[in-house]
Structure formats: structure tokens, C-alpha cells
2 protein chains.
Amino acid sequence: MSENDLKKEVTDKYSLRGRVFSRLREDILSGKYEEGEELREVAIGEELGVSRTPVREAFRQLELEGLIRIVPNKGAYVTGISAKDVKDIYMIRSRLEGLAARWATEHITDEQLEEMEENVYLAKFHAEKGHLEQLAELDNRFHEIMYEASGSKMLEHQLKDFHQYVIRVRKKTLSSARGPKSNLEHEGIMEAIKARDPELSEKLAHEHIINAYENLVKNGFA
Amino acid sequence: MSENDLKKEVTDKYSLRGRVFSRLREDILSGKYEEGEELREVAIGEELGVSRTPVREAFRQLELEGLIRIVPNKGAYVTGISAKDVKDIYMIRSRLEGLAARWATEHITDEQLEEMEENVYLAKFHAEKGHLEQLAELDNRFHEIMYEASGSKMLEHQLKDFHQYVIRVRKKTLSSARGPKSNLEHEGIMEAIKARDPELSEKLAHEHIINAYENLVKNGFA
DNA sequence: AAATGTTTGATTGTATACAATAATACACGA
DNA sequence: TCGTGTATTATTGTATACAATCAAACATTT
């Protein structure tokens, strides 16, 4: 590996620690554990059939990922996300997604561009049919394609990190009917990328996230 | 604590793990350990007088912070920073510093503004005298003030994270003679904040980081 | 009854023993 | 000599035992 990520992906799926980490992350994001709930080392260990050691190491990582909060000598608690946190995340994302779009404009490959076009086209279809599930799936994928096309592991990692929180937030809100409008905006971003206009693609991607946030607020996010 | 940080600061200075973590981070950032150097659990433990357990837990955190890279069943290696990483970091920072300046414009307190003015004033003095050490110190502090003034723990945490890398990079380059120009730009940002012009302050802070990067390149950063 | 001290149990923090893995050195045969 | 297989050793991965800490229940004193 010539180019090493600064923030390494936690991909050690075959160690117990890695499995505990992935599993706990999933469970927290899916809402299995409530906000503020206390996670006990032995209980988690027994549930997953491992000792406390790998559980503790996974805890340390989850703490740094921001999913749990460890109080020394007390315990580990699932962190909550405040309304302000959500706003901050979306505003930060808006800037970084803008940057990703700019870089994608400069580095996207033909294959990636093709997948993007396919994505937008397919989304249009599902929007007409009212398939919200598939629409959400395609929405996520569109952004991932853009991250990958940016050609920056650093930025990709940052944005994927934030995406975790977005997923958690979405769980708390009704899946809105923004799908079609969102897809239209995707199309605009894509066209700007195709036109090799970094200025425009950055601007549109930026606005896209702002719009998503405003939609969230309008839909009564607490 | 009503508002909880999403990404928790690692502040557990009184546990062995916390001390190992802080110490290793310092040593890596200061350059005591070279890029690619392998860190062995027992060796580190012996050096700090602790067993492997706290060392391992600290390793997991350092891995997520991106300072080391853990290869399963092999070892922990100090990560390197490529020229592209540096560029990516500066570009990402440029956007986030812009956002921080915007928010600072909206949320800065009188005390913070006063410290900022003092900072710029003092820096001007040291610039004239050619005190590079103090100038660099004040430079760092200026940005920290802005992070704090942004009123966003999320953003503050992100930017402080990146700052780590900036420090490492600076170690590798001659301390440039950019100090005075940098301070002039700080003054501009501050004036925009004072004038309550978020648009302008974001733009200036953004450009400030771009300039810093270009200076880095000009000064022959590899 | 209120406040304070004490005991007890549960939980985390750390050290250490043992298992699994990987790299190295070496022996052996083609 | 080269390549392959095997033994050895060092290192990480995991489990467990013990120490330190905290919280809650209980007792004691005023």
C-alpha cells in the first residue's frame, strides 16, 4: 500500500475486537441501544461470547468515533445527538461535500461517471413509482460515488464518518418526501461535473446539503 | 453536562491508559518516533512502567486518531504523511476554517474578541522584532480562539484534530518567514468578524489557509 | 428525622498467563 | 545453488485473576 490513509479504516473483521467493534457500532446506529444507555463490559462480552479484553478495546475506539462516552471508573454510555449537533454536522458536511464535488470534477473516471448517470436515471424511475426505500438507497450511493470520485481518501473518510450520524438522524425522522427533489439536485451536480465546472459543482453540492438540512427542520426534526 | 460532544476529547489523564495515550501522541508528533517505525507493546510498556493492557488500549485510540496504523497480528507502525495528504488536509481545513470564522462572527464573545485583538497586536510586535517562536505560538492561538468562538464543539474538535497534522508537517519544513503576512491576514479576518460580516470572514479565513498551503509548497515542502 | 459514616456489592482498571499468529533461521532434497 | 518445508522465537490476541473505584444500602449519631 503506497498511499496510506491517515485515519485508518477499522477493517479488522477477523479479530474478536474488530467484530465487537463492528457489531456495537451497528447496534448503536440502528438504535438497539438507546441514547444514554449504559453498556457493561461483561454483559456485552457474554452476549457476543468473548471476554472483557476485546470489548474494552472496542469501547476505546467507539469512544473516539463519538458513539459512546466513557466516564472513568464508571461506565460507557451511548452518546446522544442534540439538535445543535445535527445542524453543525450538516453545515460541516455542506462544505466538505462541496469540496468533494469539486475534486470529483477534476478526478472522476469514466466508469464512475457512468455509475452516476445510471444512479440518477434509476432514481428518477423509482421517484415516479414512489419507491422510497430504493430512492434512499440510491441517494446514499450517489454521495458515496462522489466521495470515491474525489480521489481523496482523507476526505472520503471524513465524509463517511459524518454519514454515520446522518443515518442515525434519519432514523429519528419520518422518511420525508424529498426524494424526487433531491434527485433533481443530484442531476444538477452531475451535469456540472460532466461540464468540468468545479466552481458550479462545489456550489451546487454545498446547497444540496443545506437544502437537505432545511427539509429536515421543516419535517419537524426536534 | 447538557451538551455532550459527539467526539469526546481524550482527557482521562489519570488512568494509565490516558497517560500512555497522551505520551505516545506527544512523542509521535514531536518526531521522537520516525515514520514507519514499529511500536512494540512490551517495549512501550516497560518504558512507561505499565503492562501491555493500557498500552494496547492506547494503541487502539491512536489508530483511530490516525497516528499509528495497526496491522493485525503484526504490529503498530507510525503512519507517514504523504504530500497529497498534506494538500488534502489544507484544502479541507480551508473550508472548515471558513466555517469557523463565519460562526465566530455570529457567536464571538466580547472577551474572545478582546483576546483576538490582543493576539494580533502582540503578533505585530513580535513580527517587527523577528521573534519567530512567539509568532508561531500566537498564530496557533489565534486559530484556537476562533475555533472556540465558533461555538461549535463539533467543528472545534474536527479542526483541532487536523491541527495535529499541521504541527507534524511544520516540523518537516523550515519555519518560514510567513509570520508577518499571516498576521496581516489574521487582522483582516478579525476586522470582518468585528464588522459582523460572516460572508467576508468566511472568505478571508478560507483564503488564509490556501495561502498558508501555497507558502508551504513554495518553501519546498516535499 | 436528617446528616454522616460504614459496609457491601458491582463495575471498571490493570497485570499476567496462555493461545494464536507471523517472521526468521535452518535443514533437507532436488 | 535454489527452493521448500519445518522448527524456533518473538509478538500480538484473548482470557482471567486481582486491585481500585464507585454507588447504594444500611447503620449510627446528633
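Quick caveat, the model's predicted, so the values are computed rather than measured. Within every chain, numbering begins at 1; the chains are lettered A, B, ... in the order of the sequence lines, protein sequences first and strands thereafter.
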Modelled atom types, side-chain donor and acceptor of D85(B) and S82(B), under 3.5 Å: yes
Check: E185(B)/S182(B) side-chain N/O donor and acceptor closer than 3.5 Å: no
Pairing residues for H107(A) by the ring pair (Phe, Tyr, Trp, His ring centres under 6.0 Å) criterion, not counting sequence neighbours: none
Under the side chain to side chain donor-acceptor pair (under 3.5 Å) test, residues paired with R93(A) that sit two or more places apart: E97(A)
Within-4.5 Å side-chain heavy-atom neighbours: R60(A) and R56(A): yes
Distance, rounded to the nearest Å, where I68(B) contributes CD1 and dT12(D) contributes C1': 13 Å
Per-nucleotide protein contact string for nucleotides 8-15 of chain C, where B marks a base within reach and S marks sugar-phosphate only (heavy atoms under 4.0 Å, - for neither): ---SBBBB
